[in-house]
Amino acid sequence: SGHSMRPTLVFDLDGTLVDTAADLVATLNVVLEREGLAAVPFNEARAMVGHGARALIERGLAANAAARSAAEVDRLFSDYIAHYSSHIADASRPFPGVSEALDHFAAAGWSLAVCTNKTEALSVQLLETLGLAARFDAICGSDTFAARKPDPLALIETIRRTGGRPERAVMVGDSKTDIDTALAAAVPVVAVDFGYTTIPVTELGPDIVISHFGELAGAVEKVRRDR
């Protein structure tokens, strides 16, 4: 069908489309403080964001030199998700230029999708709360498919869900996870340099790096031409 000829632009969510760190870190610190542990300073905790809530909790515990059993970490994780869900967009906002960039690509005939390691329900909730969910043909999370990023299946299945094809897709992300996923799926990848990563994205092998969503249209044109 004509629909399947549409190119697909797939975005990571946290640190790419939406600056979620403030709410993720605030939730971490609520959970830690309930345990009688010290809050992690924002700048230190922001660097820990991006590998999921369980990893964030484990790093928060490690920052306190606090040992907890696997069962206790499970309980903290449940507490984390419950609190986060009710505070999902207290401070989280799309990065500058997101809305305009989505308008540009939609008008140019692209399918738009999200492929994140946030759970699907939280991803949909966040995007709905911010008024962005309707922009996307697919919103796929860590639990949508049998595999999650960096397994290329997560990206390939997200693209398929839009009716698209991997060879006509471009990925946009902020971390090693996103770049590794795209490389494994043979999908060109645009990295944003304002997201959540301990290693500068320039060192991770993306096709191109942008510093603002105003640069996305030119970057996507370039990576598609270079293929």
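The first residue of the sequence shown is numbered 1, and numbering continues consecutively from there.
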Next item on the list: Consider only side-chain heavy atoms of I, L, V, M, F, W and Y, link residues closer than 4.5 Å, and tell whether Val201 and Val220 are in one cluster.
Entry: no
Notebook entry, point to check: So, Asp178 and Thr181: side-chain donor and acceptor under 3.5 Å apart, yes or no?
Noted result: no
Checklist line | Heavy-atom donor-acceptor pair, Arg135 side chain to Gly131 backbone, under 3.5 Å | finding: no
Item checked: Any donor-acceptor pair under 3.5 Å from Thr144 side chain to Gly141 backbone -> yes
Notebook entry, point to check: Going through the distances and angles, do Glu44 and Arg59 end up as a salt bridge (Lys or Arg N to Asp or Glu O under 4.0 Å)?
Noted result: CA-CA 10 Å; Glu44 192 185 320; Arg59 294 171 89 158; over 6 Å; no
Next item on the list: State whether the side chain of Asn29 and the backbone N or O of Val40 hold a donor-acceptor pair below 3.5 Å, judged by distance alone.
Entry: yes
Next item on the list: Nearest 0.5 Å please: distance from the CG atom of Leu17 over to the CG atom of Leu102.
Entry: 6.5 Å
Check: Taking side chain as C-beta onward, heavy atoms only, is Arg68 less than 4.5 Å from Leu37?
Finding: yes
Notebook entry, point to check: Can you tell me if Thr16 uses its side chain to pair, donor with acceptor, with the backbone of Asp174 under 3.5 Å?
Noted result: yes
Notebook entry, point to check: Got a donor-acceptor contact below 3.5 angstrom from the Asp14 side chain to the Thr20 backbone?
Noted result: no
Next item on the list: Classify the ring geometry between Phe95 and Tyr196 as parallel (under 30°), tilted (30 to 60°) or perpendicular (over 60°).
Entry: tilted
Checklist line | Presence of salt bridge, Arg148 and Asp143, under 4.0 angstrom | finding: no
